[in-house]
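Below is one structure, written out as C-alpha cells; the observations come after it.
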Amino acid sequence: MAIEQSPATSQTDNLRDLLNANQYEAVTYTDGPSLIVAGAGSGKTRVLTYKIAYLLQNGWHPSQILALTFTNKAAEEMKGRIAKLVGEQRAKYLWMGTFHSIFSKILRYEASHLGFTSNFTIYDSSDSKSLIRSLIKELQLDDKTYKVNNIQSRISFAKNQLVTPATYANDSDMMRSDMNSKTPRFIEVYQLYCQRCRNSNAMDFDDLLLYTNTLFEKHPEILKTYQERFGYILVDEYQDTNRAQHLIVSKLAANHQRICVVGDDAQSIYSFRGANIDNMLMFQRQYEGCKLFKLEQNYRSTQTLVNAANSLISRNKNQIRKNVFSDGDIGKAIKLLTAYSDYDEAFAVAATMQESIRDTRDAYSDYAILYRTNAQSRTLEEALRKRAIPYKIYGGLSFYQRKEVKDILAYLRLIINPNDEESFKRIINYPARGIGETTQQKILQTAHTHAVSPLEVVKNPADFTLDINNGTAKKIQNFGSLIEQFRTLNEDKDAYVVAEQVVIASGIMQDISVDNTPENLSRKENVQELLSAINQFCEEKANAGDTELKLVDFLSEVALLTDQDKESENDKNRVTMMTVHAAKGLEFKHVFIVGLEENLFPSNMCETERELEEERRLLYVALTRAKIDCVISYAKSRFRNGQTQFSNPSRFLHDIDAKYFQTPYEDKKPEIVRSTTPTFSKFDTPPTISTPQRLKTYCAK
DNA sequence: TAACAAGACCCCGAG
DNA sequence: GGTCTTGTTA
C-alpha cells in the first residue's frame with residue numbers, strides 16, 4: 001500500500017499548513033487530558049480527524065484508539081476521512097462509532113458476565129412500548145393514568161441517571177413524586193419491565209449504556225482490560241453526553257488520562273434525554289492539568305450568519321463566553337417569510353427555494369429545510385412535490401420501522417434469540433395462522449409461570465398442560481417447528497439465505513402478494529430492499545475477509561441504524577428535510593428554518609428558563625448549519641393536533657438582531673406568494689406570550 | 001377468529 | 001392530520 005509504506009513522509013507532516021494555530025495546538029497535544037471547546041463550524045471534525053491521524057503517526061495502533069461520536073453518520077464520515085489520510089487497512093481497526101454501537105460490541109463480548117448471552121436482542125423504542133403496554137394490562141393498571149409514553153420516558157430517564165428499580169424503590173423522593181402524580185405503582189412496571197427484558201435476553205437503547213457501566217463497575221478485571229486496550233480516548237459532542245456515558249468514559253480514562261473531548265456548550269440540545277452539560281463544564285476540574293483549547297474561527301458561514309447566531313445566543317445567561325467569528329464574506333441578510341397558514345408557509349418556502357435555485361444554480365442537495373417537529377414535514381412535502389423539487393425526509397418512520405420490515409426482522413430476531421418475547425408476540429399469528437388472542441395469552445402466561453421461553457411452550461404444548469383444544473395445539477406446534485426449521489438453517493447458511501427462506505416459508509410473501517394494491521406493491525419493494533440490504537451486508541463482510549456472516553451481526557447493526565445511514569444513489573441530489581436535532585453536525589449552502597412560532601419553536605412543552613435556553617441553542621444550531629444564506633419563516637395559523645391553532649411569531653425572531661434581517665418590503669415582490677392572504681411585517685405582532693387559541697376546525701367531511 | 005368501524009390520542013427531539 | 005387501539009359484528 002503506497003500510502004502507508006513511508007511513515008517519515010506522511011500526510012500529517014505539513015500539519016501547520018493544514019490547520020490554524022489553535023487547531024494545530026489541539027491536534028498535537030497528546031500528553032494528557034484535553035478539552036476542545038469548538039464553536040460552530042470551527043473545524044471540529046477536521047481537528048479530530050487529524051488528531052487521530054497524528055496519533056497513528058506517532059506509534060499508536062488503530063485498535064488502541066477509541067473514538068466515540070453521536071451519530072453513525074459522524075462516525076462514518078470521520079472514518080472515511082481518516083482512511084484517506086492513513087489508508088483503509090489501518091483505519092478499519094479503529095474503535096470508532098456511536099456510544100451505542102461501540103458499547104453493544106463490548107456487551108456482546110462480555111454478555112455472560114451480566115447474565116445475558118452474546119446474541120441478545122436490542123429492543124427499539126416500539127418494542128419497549130409494546131412491552132410496557134402489555135405490562136400495564138397484566139398489572140391491571142388504568143391505562144388512562146399509566147400512559148405508555150409517559151412510563152417509557154420515565155423508565156428511560158431513570159436508566160439514564162443509572163437508577164435501577166432497586167435504587168428507585170429506596171428513593172423516597174422518587175416514590176413520593178409517583179404518589180403525587182397518582183402513579184404509585186410505576187415502580188412495579190419498571191421492575192417487571194427490566195425482568196422481562198432480561199428473560200427475553202434483550203436490552204433497550206438505554207440498557208446498552210447502563211449495562212456497560214454496570215459491567216465496568218462490577219468487574220474491575222474486565223474494566224482493566226479495556227483500560228489497557230484503549231490507550232487514547234476521543235469523544236465528540238461531549239456537551240450531549242449523559243450520566244452513564246460520562247461515567248463509562250471516565251472509568252476507561254481513569255488510569256492513563258489520555259483523553260480528549262470536544263464540545264460546544266452552545267450546541268447542547270439533548271438534555272431531554274438526560275444529557276448533562278456539566279459533564280463538559282466540569283471536565284477541567286475532573287482532570288488535573290487538563291489543557292483547554294478554544295476553536296473560535298468559523299470557516300463555514302458568512303459573517304452575517306455568524307453574527308446573527310451570536311446575537312441570538314447572547315440572550316442565554318448560561319454559557320461559556322466565546323468569540324465565534326468569521327472572516328469570510330459579509331454575506332446576505334436573513335430573509336423572513338410570513339405566511340397566513342402552514343399551508344401558505346410551505347408554498348412560500350417552495351417558491352422561494354425554486355427562485356433561489358434558479359439564481360444560484362446550486363444543486364438540490366445544497367438546500368435543507370429544518371423544522372422543530374417531524375409533524376411539520378407533511379405540508380412542506382406537498383408544496384415541494386407540486387413544484388417538482390426532489391426531496392428526502394429524514395426521521396419519522398424509518399425504513400426499519402415499517403411493518404413488513406419489522407415483521408421479517410422479528411422472525412430473524414426470534415431465530416437467533418429464541419427468548420425474544422416481543423418478536424414472538426409479533427409473529428406468532430402473522431401471517432394469520434389461527435392463533436388468537438386467548439391462545440396467545442395462555443402461551444405467554446404458561447411461559448412466565450414455568451420460566452421458559454414462549455417458543456419452548458409452543459414446541460411442546462403437551463408438556464405444559466395448556467388448556468387448548470387439539471386443533472390449536474397442532475397450529476402452535478406447527479409454528480414452533482417452523483421457527484426450529486429456520487434455526488437449523490441458520491446454523492450453516494449465511495444471513496441472506498436464511499432471510500430469503502423466512503420471507504417465503506413464513507407465508508409473508510404470499511400474504512403481501514394476494515393483490516396488487518399500491519400498498520402491497522410498496523411492501524414487496526421494501527421486503528426486496530431489506531433482502532438486498534442483508535445481501536450487501538454479507539458481501540461486505542466477505543470482502544473484509546470475515547467468514548462469519550451471521551445474522552446476529554446484521555441485526556445488531558440494524559437496530560442502531562437510523563434513516564440517515566441509509567442513503568441510496570438516487571437520494572444524492574435532493575433537498576434535505578429534517579428536524580433541527582437531526583441536522584446537528586451537518587452543513588448546507590442554503591438553509592430554510594420554518595415554523596418560527598411561539599409554542600412550536602420554542603416548543604409548547606418548554607416551561608423553565610433552562611428549557612427555553614435549550615430551545616434557543618437549538619435555533620442557534622439551525623442557523624449555524626447554513627454556509628451562504630438562510631431563510632426563516634413562520635405562519636400565523638397552523639393545523640395541529642387535528643385543529644387550527646393561531647400563534648404568534650417566535651420570541652426568538654426578536655432575539656436575533658434586526659439588522660441581520662432583510663427588511664420585509666425591501667424587494668418590490670411581496671413576501672407572500674398567495675395574493676389572497678394578508679401580509680404581515682416582522683414587527684406587526686408583539687412577541688407576547690399567550691396561550692394559543694384553540695378553534696374547532698370545520699373541515700369535517 | 002377476522003374484518004371492519006369508531007374512537008382515542010397524539011406531536012418534541014434520537015440511538 | 002394520521003396512527004394505533006378498542007369495540008362490534010358475522
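In this text, all values refer to a predicted model and were calculated from it rather than measured experimentally. Labels below follow one simple rule: chain letters A, B, ... track the order of the sequence lines, proteins then strands, and each chain is numbered from 1.
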- Give a yes-or-no answer on whether the side chains of A:Glu598 and A:Ser647 include a donor-acceptor pair shorter than 3.5 Å.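 There is no such pair (donor and acceptor under 3.5 Å, judged by atom type) between the side chains of A:Glu598 and A:Ser647.
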
- Upstream residue (5' side of DNA chain B) when A:Tyr270 and A:Thr439 are each assigned their closest nucleotide: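 Of the two residues, A:Thr439 wins.
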
- Query: 5'-most contact on DNA chain B: A:Asn149 or A:Phe205, nearest heavy atom basis?
  - Reply: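 Between the two, 5'-proximity favours A:Asn149.
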
- Are any of the side-chain heavy atoms of A:Ile132 and A:Ile155 separated by less than 4.5 Å?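 Side-chain contact under 4.5 Å: yes.
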
- Query: So, do A:Ile122 and A:Asp204 sit near enough that their side-chain heavy atoms are less than 4.5 Å apart?
  - Reply: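 No. Closest side-chain heavy atoms not under 4.5 Å.
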
Distance test, side-chain N/O of [X] to OP1/OP2 of [N], below 4.0 Å:
X: A:Ser153; N: B:dG13; value: no
X: A:Thr438; N: B:dT1; value: yes
X: A:Asn72; N: B:dA14; value: no

Quickly work out the [X] [atom1] to [N] [atom2] distance and round it to whole Å.
X: A:Met605; N: B:dG13; atom1: CE; atom2: C1'; answer: 10 Å
X: A:Ile132; N: C:dC4; atom1: CD1; atom2: P; answer: 16 Å
X: A:Lys406; N: C:dC4; atom1: NZ; atom2: P; answer: 11 Å
X: A:Arg616; N: B:dC12; atom1: CZ; atom2: P; answer: 20 Å
X: A:Lys159; N: B:dG15; atom1: NZ; atom2: P; answer: 18 Å
X: A:Arg640; N: B:dC9; atom1: CZ; atom2: P; answer: 19 Å
X: A:Asn242; N: B:dG13; atom1: CG; atom2: P; answer: 19 Å
X: A:Arg372; N: B:dC11; atom1: CZ; atom2: C1'; answer: 10 Å

- Query: Is A:Gln510 atom CD crowded by more than 12 heavy atoms from other residues, nucleotides or ligands, each under 6.0 Å away?
  - Reply: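 Open.
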
- Query: Any chance CZ of A:Phe272 has more than 12 other-residue heavy atoms, nucleotides or ligands included, within less than 6.0 Å?
  - Reply: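 Atom CZ in A:Phe272 is crowded, with more than 12 foreign heavy atoms closer than 6.0 Å.
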
- With no angle test and no hydrogens, is the base of B:dG13 tied to the side chain of A:Asn374 by a donor-acceptor pair under 3.5 Å?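 It does not, because no donor-acceptor pair links the side chain of A:Asn374 to the base of B:dG13 below 3.5 Å.
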
Among the candidates [options], find the nucleotide nearest to the side-chain atoms of [X].
X: A:Thr373; options: B:dG15, B:dG13, B:dA14; answer: B:dG13
X: A:Thr579; options: C:dT6, B:dA2, B:dG13; answer: B:dG13
X: A:Arg133; options: B:dC10, B:dG13, C:dT5; answer: C:dT5
X: A:His100; options: C:dG2, B:dG15, B:dA2; answer: B:dG15
X: A:Ser125; options: B:dC10, B:dG15, C:dT5; answer: B:dG15

- Item | Lys/Arg N to Asp/Glu carboxylate O, A:Arg273 vs A:Asp240, below 4.0 Å |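 A salt bridge is absent here (no side-chain N lies under 4.0 Å from a carboxylate O).
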
Just checking [X]: base, sugar-phosphate only, or nothing, at a heavy-atom cut-off of under 4.0 Å?
X: A:Ala559; answer: nothing
X: A:Asp206; answer: base
X: A:Ser101; answer: nothing
X: A:Thr69; answer: nothing

- Using the rule for Phe, Tyr, His and the six-membered ring of Trp, do A:Phe99 and B:dG15 stack at under 5.5 Å and under 30°?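 Stacking is absent between B:dG15 and A:Phe99, given that the ring centres and planes do not meet under 5.5 Å and under 30°.
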
